[in-house]
Novice: 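Once you've had a glance at the structure underneath, I'll fire off some questions.
In listed order, ligands and their atoms are each counted from 1. The first residue in the sequence is number 1, and the count goes up from there. These numbers come from a predicted model, not from an experiment.
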Amino acid sequence: MRELFELCGADRELVFSPYCWRVRLALAHKGLDYQSRPTRFTDKALIAFSGQKLVPVLTDDGETLHDSMAIFAYLDRRYPQHPLLGDALAAERARLVERLSFHMVRMPLLKILIPRVWQVIDPADREYFRSSREKALGMSLEDFADPQGGERQFRDGVAPLEMWLREQPFFEGPAPGGCDYLLAGLLLWAWCLGAQPWADDSALGAWFARILQTYETTHGPVKRASIQAEMSK
Ligand SMILES: N[C@@H](CCC(=O)N[C@@H](CS)C(=O)NCC(=O)O)C(=O)O
């Protein structure tokens with residue numbers, strides 16, 4: 001049995017973590033089914049068996065994996081059909097894309113999404129979410145959240161990606177691969193939280209629609225939150 005422990009909101013069907021989405025997309029790419037195990041921020045006991053505290057956690061045939069990039073590598077080793085990362089050189093390049101996207105895409109999105117995450121998580125998770133994020137960010141959530149500034153930074157960050165996608169349908173060429181899913185996971189984070197800082201008629205918007213449509217064709221509609229983005233303490 002294959003199980004994916006993935007972050008959920010108060011509504012257990014709302015899964016929104018970018019890293020968990022990467023793994024959902026990767027499993028869909030390989031044609032592998034799994035049982036979803038929705039996990040709240042403070043459900044640490046559920047994933048204690050993995051020896052660490054973050055999701056995604058994948059169990060597969062007696063193996064326990066965590067970290068989205070490590071899971072991509074594992075899936076390629078165990079299920080070589082439809083590679084995600086490919087050979088060692090290609091895998092290093094994907095790691096570079098992952099690092100670049102962390103700063104160019106993930107940080108701007110965080111500024112947009114913090115108030116939305118706050119809205120959707122279980123109220124019992126809020127104290128943990130606030131204290132862990134404020135410690136990591138070095139400031140209060142209210143001081144960090146900046147949806148308008150985040151949108152500007154997001155547009156700047158994705159400008160090279162927009163140019164790339166004007167030349168080919170997917171980052172990896174004519175068909176999607178691991179780098180597509182590394183980036184699409186980040187955009188799905190925003191999309192599931194009801195935000196879309198990209199235009200439908202941009203190359204990035206068309207690419208995202210292709211990835212989402214392919215996923216929804218096999219897995220059904222993706223749950224999207226309808227929320228007020230204001231932060232209330
Ligand atoms: N590098 C990890 C990052 C995983 C990660 O940060 N997961 C977040 C969800 S987005 C998490 O589990 N947070 C729980 C917590 O902060 O306690 C990956 O790529 O999987």
Novice: I'd like to know if Arg2 and Asp61 make a salt bridge, using a cut-off of under 4.0 Å between side-chain N and carboxylate O.
Specialist: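 So Arg2 does not pair with Asp61 through a salt bridge.
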Novice: Run the side-chain donor-acceptor check on residues 146-157: report pairs under 3.5 Å with partners two or more places apart or on a different chain.
Specialist:
| from | atom 1 | to | atom 2 | distance (Å) |
| --- | --- | --- | --- | --- |
| Asp146 | OD1 | Gly149 | N | 3.0 |

Novice: Can you give the donor-acceptor pairs under 3.5 Å from side chains of residues 174-192 to other protein atoms, not counting sequence neighbours?
Specialist:
| from | atom 1 | to | atom 2 | distance (Å) |
| --- | --- | --- | --- | --- |
| Asp180 | OD1 | Phe171 | N | 2.8 |
| Asp180 | OD1 | Trp207 | NE1 | 2.8 |
| Asp180 | OD2 | Glu172 | N | 3.1 |
| Asp180 | OD2 | Gly177 | N | 3.0 |
| Tyr181 | OH | His29 | ND1 | 2.8 |

Novice: Going by atom types only, do Asp122 and Tyr128 share a side-chain donor-acceptor pair under 3.5 Å?
Specialist: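 No donor-acceptor contact under 3.5 Å links the two side chains.
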Novice: Between the protein and ligand 1, which nitrogen or oxygen pairs come in under 3.5 Å, and how far apart is each?
Specialist:
| from | atom 1 | to | atom 2 | distance (Å) |
| --- | --- | --- | --- | --- |
| ligand 1 | 1 (N) | Asp67 | OD1 | 2.9 |
| ligand 1 | 7 (N) | Val55 | O | 2.8 |
| ligand 1 | 12 (O) | Val55 | N | 2.8 |
| ligand 1 | 12 (O) | Val55 | O | 3.4 |
| ligand 1 | 16 (O) | Arg133 | NH1 | 2.7 |
| ligand 1 | 16 (O) | Arg133 | NH2 | 3.1 |
| ligand 1 | 17 (O) | Lys44 | NZ | 2.6 |
| ligand 1 | 17 (O) | Tyr128 | OH | 2.3 |
| ligand 1 | 19 (O) | Ser68 | N | 3.3 |
| ligand 1 | 19 (O) | Ser68 | OG | 2.6 |
| ligand 1 | 20 (O) | Ser68 | N | 2.8 |

Novice: For residues 64-72, dump all side-chain donor-acceptor pairs below 3.5 Å to protein atoms at least two apart in sequence or in another chain.
Specialist:
| from | atom 1 | to | atom 2 | distance (Å) |
| --- | --- | --- | --- | --- |
| Asp67 | OD2 | Met69 | N | 3.1 |
| Asp67 | OD2 | Ala70 | N | 3.2 |
| Ser68 | OG | Arg22 | NH1 | 3.4 |

Novice: Can you confirm if the NZ or CZ of Arg133 lies within 45° of the ring axis of Trp118 and under 6.0 Å from the centre of its six-membered ring?
Specialist: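 No, Arg133 does not lie over the aromatic ring of Trp118.
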